[in-house]
Amino acid sequence: MGDESAGAGVLIEAVGLRKVHTPRGGGEATEAVAGIDFRVHRGEAFGFLGPNGAGKSTTMRMVAAVSPVSGGTLRVLGMDPKTHGPAIRARLGSVPQDDTLDTELTVRENLLVYGRYFGLPRAEIRERATQLLDFARLVDKADEQVEALSGGMRRRLTIARSLVNRPDILLLDEPTTGLDPQARHLLWERLFRLKQEGVTLLLTTHYMDEAEQLCDRLVVMDHGRIVAQGTPRGLIAGHCTREVLELRFDDQEAAAGKIRHLGDRQEKLPDRLLVYADDGEDALKAVHRTGVEPLTALVRRSGLEDVFLTLTGRTLVD
Amino acid sequence: MAPALREFCYWMDRYRRVWRGTVVISVANPLLFLAAMGAGLGKLVDANHSGHLTGTPYLDFLAPGLLAAAAMQTGVIEATFPVFQSARSGGNYPAAAATPMRPVDILGGHLLFVAFRVLLSGLLFLAVVVAFGVVGPARALLAAGPVLLTGMAFAAPLMGWAVGVDRQSRLNGLYRFVVMPLYMFSGTFFPISQLPHWLRSVATCTPLYQGVALTRGAGLGGSHPGATAVHVGYLLALTAAGVWAARRSYTRRLNR
Ligand SMILES: Nc1ncnc2c1ncn2[C@@H]1O[C@H](COP(=O)(O)OP(=O)(O)OP(=O)(O)O)[C@@H](O)[C@H]1O
Ligand SMILES: [Mg+2]
């Protein structure tokens, strides 16, 4: 059962991992995960980035040992989820995409009940619950029904709950989707603290800034496959120019024809034209020299969104 | 604590908030039924000296039948709506399944809680029966076993079914088209010897009839050992098959 058997510090290893969903009443099977390879090391924050339906949640559920693998191999903490599901889950924390809080119970009771599922002693659970309420800034709400919590508070409670067993690995499926910017930053700060404490993070997101803020390494998924992987900076440097010039026009078709030669590469979106260039201001001057007048022009640094666009020709969030 | 007991504790925690209401219902229901039908309607029936009752006062005939039917009802209700709700996203099952709990542990704990509910409401029913003077307390306790068996013979297979149901309307359908007819025609309110011949054989095969016959035998005495063995065997087999099927469907539903 040692972590060592999987190689030094490798906590999760997937080789050719596949998942096929077969609808119960017959019908067409979907290959949600179509053979992916990745390794996650101890203490790392590892991200899955991809659009809707890419297979991120499906992958997370397999790692969480709640969804059987259809093909390939998967080892979590050196164990096979198929044979050691309970032992793996005992050392994982899991924040699923949809909150699974118990709305019939209070905030504190949610932590107590969950802790009991791990077979922890009662006194221990009480103590941890108090600490976790503090961690999630929910001390004031401890005795309220979950019904009465805002979306951000629920998310924080779900994360607090997932920590009740002091997990080695924390799985976060879109931890901040649907939250306002302030709530997201609070959550990021909390996750960053966990990482400092040595918890290995595995998270999915379709927010670029989240991936850039939190992940040491990430894979970009699309249609059940990994299309790129690396550090956020490495991916940007490897697939994009340093800067992007975003242009909007009255008549994009006509304008695009006249500036076709500018930049390293261009990408046409329905509402704007992206010109990839190491110096965006330079590119903008060149645009003006051609006599084309954009309605708006914006120079920004390239991000993971651009990496995805380059790789797939599509935007991440539609 | 054994994993299944953790799930049992979860349901008990929830039950602790609503137990008073359920106790009132479990007492009021038999009280009203036995007063109106057993004592009230029973006067008419007894005055008629129906041969089908072979001299048993109607109240004595009705009480064990209603008791078994109530056990079915508790088993059915506890095994359907809460299971259906728990299996949905946002319910208890997916949360528990992310912990070291296995789907069979979740099933086991919940099943134990359903058994507790069937037994508790059965005992409260029996207290009312004793108050009506139908049987003495010792005799009444003998009926606890048949009550539990009847409830679980319904609960175990239905939990396995409800965990995979996709629409709540199916649960209502079960109630309307399966539970209610069983309630009416399984020898609860009148002996099935009054039914037309073909319907009688159908009625004999239903689990509620088996439960009613077993409970009535325990309550009124004078049961035939061979017949008792058949009833017990039937209900045990249904429970066991239900548990076996439910283990599979819980695993399929919670690990997919
Ligand atoms: N239980 C299921 N049964 C059938 N198909 C499923 C099931 N779960 C997921 N799928 C399908 O598998 C594919 C991948 O879904 P998944 O939820 O893993 O995507 P995702 O990357 O998490 O997307 P999102 O960003 O929308 O959460 C989708 O095509 C989805 O329809
Ligand atoms: Mg998802």
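Below, chains carry the letters A, B, ... as their sequence lines are ordered, and counting in each starts from 1.
- With a 4.5 Å cut-off on non-hydrogen atoms, A/V113 touches chain B through its side chain but not through its backbone.
- Contacts with chain B were tallied for A/G93, A/P68, A/P96; A/P68 has the most, counting heavy-atom pairs under 4.5 Å.
- A search for side-chain contact (heavy atoms from CB on, under 4.5 Å) contacts involving B/A97 returns B/I106, B/L254, not counting sequence neighbours.
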Are there any donor-acceptor pairs closer than 3.5 angstrom between chain B and chain A, and if so, which ones?
residue: B/R6; atom: NH1; partner: A/Y117; partner atom: O; Å: 2.9
residue: B/E7; atom: OE1; partner: A/Y117; partner atom: OH; Å: 2.6
residue: B/Y10; atom: OH; partner: A/D102; partner atom: OD2; Å: 2.3
residue: B/D13; atom: OD2; partner: A/R116; partner atom: NH1; Å: 3.3
residue: B/D13; atom: OD2; partner: A/R116; partner atom: NH2; Å: 2.8
residue: B/R17; atom: NH1; partner: A/E104; partner atom: O; Å: 3.1
residue: B/R17; atom: NH2; partner: A/E109; partner atom: OE1; Å: 2.6
residue: B/R17; atom: NH2; partner: A/E109; partner atom: OE2; Å: 3.0
residue: B/N92; atom: ND2; partner: A/Y117; partner atom: OH; Å: 3.0
residue: B/A97; atom: O; partner: A/R89; partner atom: NE; Å: 3.3
residue: B/T99; atom: O; partner: A/R89; partner atom: NE; Å: 2.5
residue: B/M101; atom: O; partner: A/R89; partner atom: NH2; Å: 2.9
residue: B/G164; atom: O; partner: A/R24; partner atom: NH2; Å: 2.7
residue: B/R256; atom: O; partner: A/R61; partner atom: NH2; Å: 3.2
residue: B/R256; atom: O; partner: A/S67; partner atom: OG; Å: 2.6

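- With a 4.5 Å cut-off on non-hydrogen atoms, B/M1 touches chain A through its side chain but not through its backbone.
- Counting heavy-atom pairs closer than 4.5 Å to chain A, the top residue among B/A98, B/G91, B/G90, B/P3 is B/A98.
- Heavy atoms of A/A90 lying under 4.5 Å from chain B belong to its backbone as well as its side chain.
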